[in-house]
Protein chains: 4
Amino acid sequence: MGVVIDGCPPQLEINQQEIQAELDRRRPGQSDLTTPRQEEDRVQILSGIFEGQTLGTPISLMVWNKDAKPESYAPFRDTFRPSHADYTYQAKYGIRNWMGGGRASARETIGRVAAGVLARKWLQQQCGVEIVAWVESVHDLRAHIDPDTVTRQQVDSNLVRCPDLELAEQMAERIRWAKDQGDSVGGVIGVVARAVPPGLGEPVFDKLEAELAKGLMSLPAVKGVEIGSGFAGTLLTGSQHNDPFEMREGRVRTLKNHSGGVQGGISNGENIVLRVAFKPTSTIFVAQQSVDSQGQNVVLEAQGRHDPCVLPRAVPIVEAMVALVLMDQALRQRAQNGTRTLPTM
Amino acid sequence: MGVVIDGCPPQLEINQQEIQAELDRRRPGQSDLTTPRQEEDRVQILSGIFEGQTLGTPISLMVWNKDAKPESYAPFRDTFRPSHADYTYQAKYGIRNWMGGGRASARETIGRVAAGVLARKWLQQQCGVEIVAWVESVHDLRAHIDPDTVTRQQVDSNLVRCPDLELAEQMAERIRWAKDQGDSVGGVIGVVARAVPPGLGEPVFDKLEAELAKGLMSLPAVKGVEIGSGFAGTLLTGSQHNDPFEMREGRVRTLKNHSGGVQGGISNGENIVLRVAFKPTSTIFVAQQSVDSQGQNVVLEAQGRHDPCVLPRAVPIVEAMVALVLMDQALRQRAQNGTRTLPTM
Amino acid sequence: MGVVIDGCPPQLEINQQEIQAELDRRRPGQSDLTTPRQEEDRVQILSGIFEGQTLGTPISLMVWNKDAKPESYAPFRDTFRPSHADYTYQAKYGIRNWMGGGRASARETIGRVAAGVLARKWLQQQCGVEIVAWVESVHDLRAHIDPDTVTRQQVDSNLVRCPDLELAEQMAERIRWAKDQGDSVGGVIGVVARAVPPGLGEPVFDKLEAELAKGLMSLPAVKGVEIGSGFAGTLLTGSQHNDPFEMREGRVRTLKNHSGGVQGGISNGENIVLRVAFKPTSTIFVAQQSVDSQGQNVVLEAQGRHDPCVLPRAVPIVEAMVALVLMDQALRQRAQNGTRTLPTM
Amino acid sequence: MGVVIDGCPPQLEINQQEIQAELDRRRPGQSDLTTPRQEEDRVQILSGIFEGQTLGTPISLMVWNKDAKPESYAPFRDTFRPSHADYTYQAKYGIRNWMGGGRASARETIGRVAAGVLARKWLQQQCGVEIVAWVESVHDLRAHIDPDTVTRQQVDSNLVRCPDLELAEQMAERIRWAKDQGDSVGGVIGVVARAVPPGLGEPVFDKLEAELAKGLMSLPAVKGVEIGSGFAGTLLTGSQHNDPFEMREGRVRTLKNHSGGVQGGISNGENIVLRVAFKPTSTIFVAQQSVDSQGQNVVLEAQGRHDPCVLPRAVPIVEAMVALVLMDQALRQRAQNGTRTLPTM
């Protein structure tokens, strides 16, 4: 896996350990809740960082696979796995590398997590932005987490990465239940970005929520994204939904946050709150109907290694994606408006 | 309102009437359910169309306002309307045109609808694509519509644009109820794109669902987007959720469509089905707490014209946005893969 | 003619007169050296400017044609004018608007000049940048102008816009000579940008000279671009060509400027000096061999209005293009590096 | 050195040897005319090619340095080499990797040459395009080469890569003369693209010659680019310069080619002919005045390895750059116009 990060400002202090620490939150084999595939995911810096600082030029990182087993993909050489990308890649390109998931593999998110480390650090240094994601639901078990106060420490306090410890235990049991049956479960991840300065996001097409939705919907297995009140907000009237303004500590603030920190496509300085729906993992070990590349109906009964639930490992991925979108918008804002709205930049 | 449409292939037959017809579905003053503002929204073609055909060069369209009342915005010169973009524009740019909603006004969607007419026609001619949107819910009134069979005729059979006539009547009542109180309601719009060829969408960052989510989340008032099973899909196991393949009429098809027509970010030839959450309109005539540009807390009691519910007029906007994203991806696909996967292109 | 200018920072003071003044330097009918076509080229501001300041949102400008004579293009409906874009547009699009030059008409440069006014003003305010272009040669008459000292006043002191008054008179005669024969002449325009801060331009593909070359080569009739020593620099040895550094007034400076103000694709703070070759105008009134759209060989003898030499009117166009490229790079630099290297931004 | 090639269509047959062969034309240490630095420049394919075919997904290639001597850059740690990018990188980023030329090193052109192999093969297969570059001048020695007939075999018949053998011998002597003095010489490279289909290039800003000029001006050491008649064309009248049309073998052709194969920014099917000026190499071993990072004037007397003339090695780089631009435009054309104008695509 390689990733090239272009556009990162120079003189950001960063080292291999900081990137590694976040890859470790994402890597397989962390616990019995994730795939038993053993990958150290050791990151190697090839370019763009010099004497502990970014150079302003593209940063190239590499993670070499250790525990790849291309032979285990042999059954899928001629058979399309249901709800995987085998068929669509074949349809699009007329060719595919069947010896792994290729670009459709969730393994590509290594690059996002690595890049996200730089984005998060830069945002933190420039404006004090803090991004925290957590597992909000697994299957039908749903936690109620306060986005204004939840900490990364709470999230990482258990294997599921749900800050509600009691529910986390039930979630872990649910995941093990799915694993025992060769089946899988999905869920919802919540994420908050705090201390985002007002002014990020561009009107009309590149609204902040649009960029965030694109980034999050581009993650493997995601089927839905909502911001602020989201789908539940459709049950309110305008007078219930609108967020009144007030002056607070010398700044324009809202009394509540149904807007989710974005108004008219532009951040308003309140917490940016999103929820992301992850479908149950497509890789399962239950017999499934499929077709092969000769157009014959077949039954697929796979064996192998899989994540019975991607949610715990998806937490750092969601955080990284939000950081990357916010940094991108902050750089756009700095180009157009200089440092007027971003005092510490 | 002006719009420049760049990238439309040449020799597409189009006339002013076709564009106008779709603008008429979007225009204000259609019925007592929409804003009483009277705008004909007459479209004028300035460039890019010659003797009834596109030239392949940018198409410039203009719609001149007739019933604009800048003076009615005077109260908002110094006061930020809650959940509008007044404050965020001021924060971002340090200046704003207070004599109207500017680029944050839903009036900008005229451009999207006009452009969408060309996209829909092109998609229809190239691959027979058919796009239909409908009002699925208003406030807590929710219809159950079959995306595989719903027609535009059914949608346009009533003022609400909900194909369930009985529910449409209740929805109309609910909207009038909100209007009478100077309040507003939101809801959900469903949309389907049928006969989309397999192969549209690009791996990793520009997945088809990511581009669709971005496009739809960039529409005014949208707070959530889901594709296929969406948030409800998180309640299923993988074996319930996966879409088995079978051969049908010589093509690879799925038995069901939890994927919503996209797998691994690429269309699989099944119907693309999305749901879009619209918050209740921010413009209401109930007293609200706000602040002014001098940083004083004030109470805002606006009078004027507003849409008590944007859903009926949002139906053509959602259709247009889906068409624009699909056409964009079809052109990318044609660049990279020629006509192999798009037989009629 | 319409132009949309996207990406201009907010709160730049600008008015219609400033834009008009520069369009007047470009407009036809200025003197007997240019086309007798009479166009006032009155600019109308449609959006993006409010109470004398840019809003930060797209600026839309319109110039309505007054003296267009589409009927005069009737002879070219079926015949391709040599060295015009008639044939290539037909080949590319399979359709063309024969009632004028369309997008290949030099009339499109109105948009560039208008946009250039904002770019030049912004650059001037931010960093004191000053851009001056001049006619360096017409046909084989070549002036030797010092880019470090030439002023716009000198340039505009005569109809040809060549600061060498004696040579300017000869050039004017040469242009009248070409005009009398229904023929045309070309020449070279020189341009300098002074006080450009170090640091503009991006390594590898988007080097500053590459962006400038693209911008200038995209102007109608341009066949060559050189920076600094240019083609003549190939006659020197490295020891003659290299620009030694020295400290001067506390800054790193070069002793001479064969580099033309750019090293390794990035501005070094010295004057940016370019030369641009314009071919003789393609529109001439001498009989020419051509073919028609039925593939028959024909002889084309056109009558009408033309510029016997585009150089005098091209001076503001070249200045505008350089300003646009520099501003674009300055905004990129501000995004990535903040205000560190652009002290006054 | 790594390169990621994105956007290459799938199912293009390519192997490591084809890429290597072209890198060998570019690699250092080919002869006594180039730097004695010994690099095999072995290319390694990391992704995007499977069983001898492109996958349609990004192609990642790597070339590991063998003969890098970072210690030889120690003298430049604190001293800016004249006409190199040391100072401008420092000014732009506030930091630079002094242990080599970094992104400003001509070593980055390995990536362009490798990518160019795919572009040239694809263009050849799709439309029979043939691209040949040659050394036209070294210092003041200038050859006159016919772009319509010159072959790669002729070019590669001697170390200088000038198809005029007699002049090539003189050029070799001139280069050795410069080398003996620790000095360097520059020159001009000519390049032709034959059989380019009509229709490539986009009006206004992305004209074909603009994209070519950008690509070529982005190469290290290039100071000027001209197409067709170029600067010499300014000495002609319009009636001399215009290229009359005639029907030939059933196609619209021009009688001569002052346009250089491009009219109105779009290819017209004639040979695309360009000339590119390369300054003398900046790395020389003659004493030069400079400044150090403490702002002290110093004298720099470097020892080491250098190319006394980059021209022979620049030939494959120029060919690659032209191929990359043409392929990019061909893909744009295919997106917008399908296969109408590109019959074999």
Side-chain angles (χ1 to χ4, degrees), chain A residues 80 82-83 85 87-88 91-92 103-104 108 140 183-188 198-199 203-205 207 209-210 213-214 217-218 223-224 226-231 233-235 237-239 241-247 252 259 263-264 266 268 277 279-282 284 286 288-291 295 297, chain B residues 80 82-83 85 87-88 91-92 103-104 108 140 183-188 198-199 203-205 207 209-210 213-214 217-218 223-224 226-231 233-235 237-239 241-247 252 259 263-264 266 268 277 279-282 284 286 288-291 295 297:
Chain A
F80 303 130
S83 291
Y87 167 64
T88 52
K92 182 178 187 68
R103 299 199 95 205
E108 59 92 347
D140 62 353
D183 212 333
S184 64
V185 286
V188 172
V204 187
F205 299 115
K207 291 194 171 92
E209 63 268 48
K214 178 176 173 180
M217 271 290 219
S218 78
K223 305 301 285 181
E226 55 184 15
I227 185 164
S229 64
F231 280 88
T234 66
L235 302 176
T237 63
S239 58
H241 192 278
N242 278 3
D243 296 329
F245 286 116
E246 66 167 357
M247 291 305 293
V252 176
S259 300
Q263 288 174 329
I266 299 168
N268 67 355
K279 68 172 185 179
T281 325
S282 299
I284 54 174
V286 178
Q288 297 180 86
Q289 182 175 336
S290 186
V291 303
N297 290 327
Chain B
F80 303 129
S83 292
Y87 167 65
T88 52
K92 183 179 185 67
R103 302 200 92 206
E108 58 90 346
D140 63 353
D183 211 331
S184 65
V185 286
V188 173
V204 187
F205 298 115
K207 291 196 170 91
E209 63 269 46
K214 178 177 174 181
M217 271 290 220
S218 78
K223 304 301 284 180
E226 55 183 14
I227 185 163
S229 63
F231 281 88
T234 65
L235 302 176
T237 63
S239 57
H241 192 278
N242 277 4
D243 296 330
F245 286 116
E246 66 167 355
M247 292 304 294
V252 176
S259 299
Q263 289 174 331
I266 300 168
N268 67 355
K279 69 173 183 177
T281 326
S282 300
I284 54 176
V286 179
Q288 300 178 84
Q289 181 175 337
S290 186
V291 304
N297 290 327

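Sequence lines set the chain letters: A, B, ... in the order given, protein chains first and strands last, and positions in each chain run from 1. Below, each value reflects all heavy atoms present in this structure, side chains not excepted, and no hydrogens, waters or symmetry copies.
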Roughly how far, to the nearest 0.5 Å, is NZ of A/K223 from CD of B/E209? 6.0 Å
Of all the heavy-atom pairs spanning A/M217 and B/I227, show the shortest one and how long it is. CE-CG2, 4.0 Å
Residues B/A277 and A/T234: closest non-hydrogen pair is CB-CG2, 3.8 Å
Sequence-distant partners of A/E108, side chain to side chain contact (heavy atoms under 4.5 Å, CB included), two or more places apart: A/M1, A/R112, A/P220, B/V204, B/K207
Comparing A/F231, A/F205, A/Y87, A/F80 against chain B, the one with the most heavy-atom pairs below 4.5 Å turns out to be A/F231
Which bit of B/I284 is near chain A, if near means a heavy-atom gap under 4.5 Å: side chain, backbone, both or neither? side chain
Say whether, by atom type as modelled, one donor and one acceptor occur between the side chain of B/T88 and the main chain of A/Q263 under 3.5 angstrom. yes
Results of side chain to side chain contact (heavy atoms under 4.5 Å, CB included) for A/E246 - residues two or more places apart only: A/R248, A/L255, B/Q289, B/N297
Output yes when a side-chain donor or acceptor of A/S290 lies under 3.5 Å from a complementary backbone atom of B/F245, and no otherwise. no
Chain B contact via A/D183 - which portion, at a heavy-atom distance below 4.5 Å: side chain
Top contributor to chain A contacts, counting heavy-atom pairs under 4.5 Å, from B/S259, B/S229, B/G228: B/S259
Highest number of heavy-atom pairs under 4.5 Å with chain A among B/G233, B/P82, B/G186, B/A213 belongs to B/P82
Looking only at B/V286, B/T281, B/V252, the option with the highest number of non-hydrogen pairs under 4.5 Å against chain A is B/V252
Working for side chain to side chain contact (heavy atoms under 4.5 Å, CB included), residues B/S282 and A/H241: CA-CA 8 Å; B/S282 300; A/H241 192 278; over 6 Å; no
B/Q288, part contacting chain A, at a heavy-atom distance under 4.5 Å: side chain
Quick one: which of B/G264, B/A85, B/G238, B/G224 has the most heavy-atom pairs under 4.5 Å with chain A, could you say? B/G238
